[in-house]
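Before any comments, here is the structure.
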Amino acid sequence: MRRDEGTLHSAIGTLSTNRMVKRRPSPVDSKAGPLTDGPTARALLAWYDRHRRTLPWRAKPGDIPDPYRVWLSEIMLQQTTVTAVKPYFEKFLTLFPDVFALAAAPTEAVMSAWAGLGYYSRARNLHACAKAIVEVHGGIFPETPDALRALPGIGEYTSAAIASIAFNRVATVVDGNVERVISRLYAIEEPLPGSKPQIKALTTALVPEDRPGDFAQAMMDLGATLCSPKSPSCILCPFSGSCAAQKRGDAEIFPRKTPKKEGQLRRGAAFVLLREDGAILVRTRPDKGLLGGMTEVPGTEWSASFKAKDVTTLAPIEAEWTKLRGHVRHVFTHFPLELTIYAARCSKRKSAPQGARFVSLDALDQEALPSVMKKAITFALENFPQ
DNA sequence: TAAGCGTGGCC
DNA sequence: TGGCCAAGCTT
C-alpha cells in the first residue's frame, strides 16, 4: 500500500510540473519501487490522441460536445455494448432530435423505440429526465455532477461522465472499464465491489485538470480495446512499465470479483392467439418490475414451481389451445426462463378480453416488444399447428 | 447492502 | 455451449 501511495505521488508530481520527460524505468528503478514512474494522465492522453475511437456520439477533436448526445449515449451504454447501442442511438436521434422532442414524445413511442435494448426502466427514466430538463432547466443540461445526479436515471457514474465529457468538468468517472484498468495498474487484490472506494480514490488522483473529459474517455477506450477482460494487449499499452499487473504478467486475473449466486430456473406458459385476419393478442405489462411497461403475449406467472399441466384454464380466452413441442428459453440477468408455448386460432369476429388487444403482425414492430416476447411469438408462428 | 433489472456477442 | 461480459441505477 505504501508503494501505491509513492507511485501515486510521483504521478501527481509529473502532472503538476508539466514535464514531457520520457523515463524508461531501469531495472534498479523497478526494484526500488518509489523511484519507478507511476501511471500518468499524460501518457494516457498521448495514446488517446493517436488511438481514440470514432463514435457517433463523440465530438471530433476540437469540436464542442453536444450534451444531449452525450447524455443519451451514456444512458444507453449503461451495462450495454457499443455495438448494441449504435443503431438505437441513431434511431433516437432521428425520432427525437433534441431534448425538447424527446420530452414531448408519448411514453409508448419512447418505450417501443427502446424495445430490444433491455433494462427498460432506463427508457422510462430517460423520458422523465428529458421532461425534467425541459420543465425545470429550460431545456439546458446542468453542468455539475451534483445537479446532474439529481435527475432520473443519472447516478454516480453517469453524472460524472456527462459533467466531464460534455462540459470538461473535473470529475471522477469510474465505470467497469476504469475499474479493470485501475485494478490492474495497482494489482488490487481486494475483490469488487469492495474495492470500489479504493479504485475511486486512485482514479481521482490521476484526473488531469486540463483535460478531464478526454481522460475519462481515454480510460474507457483503453479498457474497451487494449486493457480488455481477456488477453489484454499489455505490449501496446501506454501504461506498460507502470502497471503492477503487467509487471507480474497476470493482468487478466484482475479485477478480482466476488462470485454472484446464480438465479434459479423459472418456468411459465405463454399463449399466442392468432386471429384469422393475421393479428395476435397482446397486453401491456405493469409499469414497474420486470419488463415494466412493455408489450407481452398473455401468459402465466413465471416461477420455479410452475408445472405445465392444466394451464389452458389460465388462457386469455377459451379456444383449442395446442401445446407446442419444445420450449422458449431465455436468460435474464438474475434468472433463466423456460416458457411453454400454447397456440390457438380464433375468428375475425373475436374481440379482445379486458386488458388485452389485438395487434396485426405487420404492426408488431411498432410495439414495445422485449426480446423474450419476440422469441415466443416467432417460435409460435414457426410451429403453429396445421 | 444487496437484490432486481435485459440483451446479444464472444470464446 | 454456457458462462462471462458490457460506458449502472434504483430501491
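Values reported hereafter were calculated over all heavy atoms of this structure, with side chains retained and with hydrogens, waters and symmetry mates removed. Values in this document were obtained by computation on a predicted structure and should not be read as measured data. Chain letters run A, B, ... following the sequence lines, proteins first and then strands; every chain starts at 1.
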Legend entry - Salt-bridge contact A:R345-A:E320 (side-chain N to carboxylate O under 4.0 Å): no
Legend entry - Residues A:R357 and A:E367 bridged, charged N to O under 4.0 Å: yes
Under 4.0 Å between any heavy atoms, over every strand shown, what does [X] touch: base, sugar-phosphate, or nothing? Just pick one.
| X | answer |
| --- | --- |
| A:L337 | nothing |
| A:V85 | nothing |
| A:S73 | nothing |
| A:G223 | nothing |
| A:E262 | nothing |
| A:T80 | base |
| A:K260 | nothing |
| A:W57 | base |

Legend entry - DNA chain C: 5'-proximal contact among A:V82 and A:G153 (nearest heavy atom): A:V82
Legend entry - Closest-nucleotide 5' rank along DNA chain C - winner of A:N125 and A:R53: A:R53
Inset, instruction - Ignoring hydrogens and angles, tell me if any N or O in the side chain of A:H127 forms a donor-acceptor pair with the backbone of A:A105 under 3.5 Å. - result: yes
Legend entry - Donor-acceptor contact present, side-chain A:R169 to main-chain A:P145, <3.5 Å: no
Looking at [X], I'd like to know whether one of its side-chain N or O atoms comes within less than 4.0 Å of OP1 or OP2 on [N].
| X | N | answer |
| --- | --- | --- |
| A:R180 | C:dA6 | yes |
| A:H330 | B:dT7 | yes |
| A:T83 | B:dG8 | no |
| A:Q79 | C:dG8 | yes |
| A:Y120 | B:dT7 | yes |
| A:K261 | B:dA3 | yes |
| A:H334 | B:dA3 | no |

Distance in angstrom units between [X] [atom1] and [N] [atom2], rounded:
| X | N | atom1 | atom2 | result |
| --- | --- | --- | --- | --- |
| A:F332 | C:dG3 | CZ | P | 17 Å |
| A:Y119 | C:dT10 | OH | P | 14 Å |
| A:M294 | B:dC5 | CE | P | 14 Å |
| A:K374 | B:dG8 | NZ | P | 8 Å |
| A:R266 | B:dG6 | CZ | P | 11 Å |
| A:K196 | C:dG8 | NZ | P | 9 Å |
| A:M76 | C:dC9 | CE | C1' | 16 Å |
| A:K257 | C:dC4 | NZ | P | 10 Å |

Does a donor on one side chain and an acceptor on the other come within less than 3.5 Å for [X] and [Y]?
| X | Y | value |
| --- | --- | --- |
| A:T203 | A:T172 | no |
| A:Q78 | A:Y157 | no |
| A:S195 | A:E190 | no |

Nearest-neighbour nucleotide for the [X] side chain, [options] considered:
| X | options | value |
| --- | --- | --- |
| A:Y157 | B:dG8, B:dG6, C:dC9 | C:dC9 |
| A:T158 | B:dG6, C:dC9, B:dT7 | C:dC9 |
| A:L290 | B:dG6, C:dC5, B:dG8 | B:dG6 |

Inset, instruction - Provide the distance between the two P atoms, one in B:dG8 and one in C:dC9, to the nearest whole Å. - result: 22 Å
Inset, instruction - Would you mind telling me which residue lines up with the more 5' stretch of DNA chain B, A:K230 or A:L117, judged by nearest nucleotide? - result: A:L117
